[in-house]
Colleague: 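One structure, pasted below without further comment.
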Amino acid sequence: MANLDLQFAIMIECSNCGRFTSPNEDYCEYCHEKITQEAIEKYEERKKNIVEIEQKNTEFLDTKSKNIVDFFSIFNIILIVINVIGAISFFFVTGELFGGYVEFSLSMRLTILVLSLGYTLFLYMAVEMGVKHFSNVAEIKEMKFQSLIHDENEQSSK
């Protein structure tokens with residue numbers, strides 16, 4: 001299991017073809033052989049190891065990844081503040097912004113304000129999703145690393 005990807009750690013490895021199948025299946029999804037009791041026991045052991053690792057390590061982000069996540073969280077807040085200030089100031093500063101040549105009606109200014117705030121919300125959610133994705137990937141890598149270390153320690157102690 002030392003070279004097993006974490007995403008497959010919660011799946012049953014078929015004894016016949018070596019591919020991974022859902023633990024809810026009685027037969028391999030690929031070769032259609034019956035899942036052996038030994039494969040089920042290995043699956044249960046891997047699942048138990050992952051639970052142990054998760055209980056020991058509630059924080060899986062390394063320092064560099066945590067700093068990146070913190071930076072983009074702060075960046076996101078600053079971006080939102082700047083966008084909201086811009087949207088509100090555009091609402092109050094009408095034609096003066098364009099040298100007095102353009103006059104915006106109240107309904108047009110309200111429309112631009114609502115669209116600007118919607119765009120601001122969209123930016124916030126996009127950056128937030130990017131940060132969440134990055135932190136999830138970093139956590140999965142660290143969990144995989146911890147799982148491999150745990151497996152190597154178990155193999156060396158046998």
Side-chain angles (χ1 to χ4, degrees), residues 1-14 18-26 28-30 35 40 42-153:
M1 185 168 133
N3 59 0
L4 182 65
D5 286 331
L6 184 64
Q7 66 186 20
F8 295 115
I10 57 171
M11 298 183 80
I12 293 179
E13 184 176 8
C14 176
R19 295 173 99 178
F20 292 90
T21 190
S22 170
N24 301 330
E25 302 293 329
D26 293 331
C28 176
E29 297 171 1
Y30 302 98
I35 301 297
I40 294 171
K42 283 182 182 178
Y43 158 75
E44 292 295 332
E45 184 64 29
R46 280 194 308 271
K47 198 164 93 173
K48 186 177 119 193
N49 290 343
I50 290 173
V51 169
E52 287 175 8
I53 290 169
E54 286 180 353
Q55 288 173 348
K56 288 179 188 175
N57 301 318
T58 56
E59 187 64 47
F60 286 108
L61 283 179
D62 61 348
T63 306
K64 185 176 181 181
S65 298
K66 193 179 293 190
N67 290 341
I68 292 171
V69 168
D70 291 343
F71 168 78
F72 276 104
S73 296
I74 292 169
F75 169 81
N76 204 15
I77 292 169
I78 293 170
L79 181 69
I80 296 308
V81 169
I82 289 171
N83 275 299
V84 168
I85 289 172
I88 291 172
S89 64
F90 187 81
F91 178 76
F92 289 110
V93 178
T94 56
E96 299 165 16
L97 192 63
F98 300 103
Y101 296 113
V102 179
E103 187 63 39
F104 293 105
S105 66
L106 179 62
S107 63
M108 186 177 277
R109 288 186 299 171
L110 283 172
T111 302
I112 292 171
L113 177 66
V114 169
L115 289 174
S116 298
L117 294 176
Y119 176 72
T120 300
L121 181 63
F122 172 75
L123 280 177
Y124 174 79
M125 296 304 291
V127 172
E128 193 68 25
M129 274 184 11
V131 168
K132 185 65 176 164
H133 175 73
F134 174 80
S135 63
N136 285 345
V137 168
E139 284 180 353
I140 288 171
K141 282 181 157 181
E142 185 62 23
M143 289 171 68
K144 179 180 176 183
F145 178 71
Q146 294 292 332
S147 177
L148 294 176
I149 288 174
H150 183 269
D151 292 343
E152 288 175 2
N153 290 341

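When a residue number appears, it is its place in the shown sequence, counting from 1.
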Colleague: Please report, to 0.1 Å, the donor-acceptor pairs under 3.5 Å made by any side chain of residues 110-126, with sequence neighbours excluded.
Modeller:
from	atom 1	to	atom 2	distance (Å)
T111	OG1	S107	O	2.8
S116	OG	I112	O	2.8
T120	OG1	S116	O	2.8

Colleague: Spell out, as yes or no, whether a donor-acceptor pair under 3.5 Å connects the side chain of N83 to the backbone of L79.
Modeller: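 Such a contact is found between N83 side chain and L79 backbone.
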Colleague: Considering non-hydrogen atoms only, spot the tightest contact between Y30 and F20 and give its length.
Modeller: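 Residues Y30 and F20, closest heavy atoms: CE1-O, 3.2 Å.
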Colleague: Nearest 0.5 angstrom please: N24 CG to M11 CE, how far?
Modeller: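 Interatomic distance, N24 CG to M11 CE, rounded to 0.5 Å: 9.5 Å.
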Colleague: With a 4.5 Å cut-off on side-chain heavy atoms, are E25 and I35 touching?
Modeller: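 Not in contact.
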Colleague: With rounding to the nearest 0.5 Å, note down the distance linking CZ in F72 to CD1 in I77.
Modeller: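 One finds 13.5 Å between CZ of F72 and CD1 of I77.
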Colleague: V69 and F134: which non-hydrogen atoms are nearest, and at how many Å?
Modeller: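 Minimum heavy-atom separation between V69 and F134: CG2-CD2, 3.7 Å.
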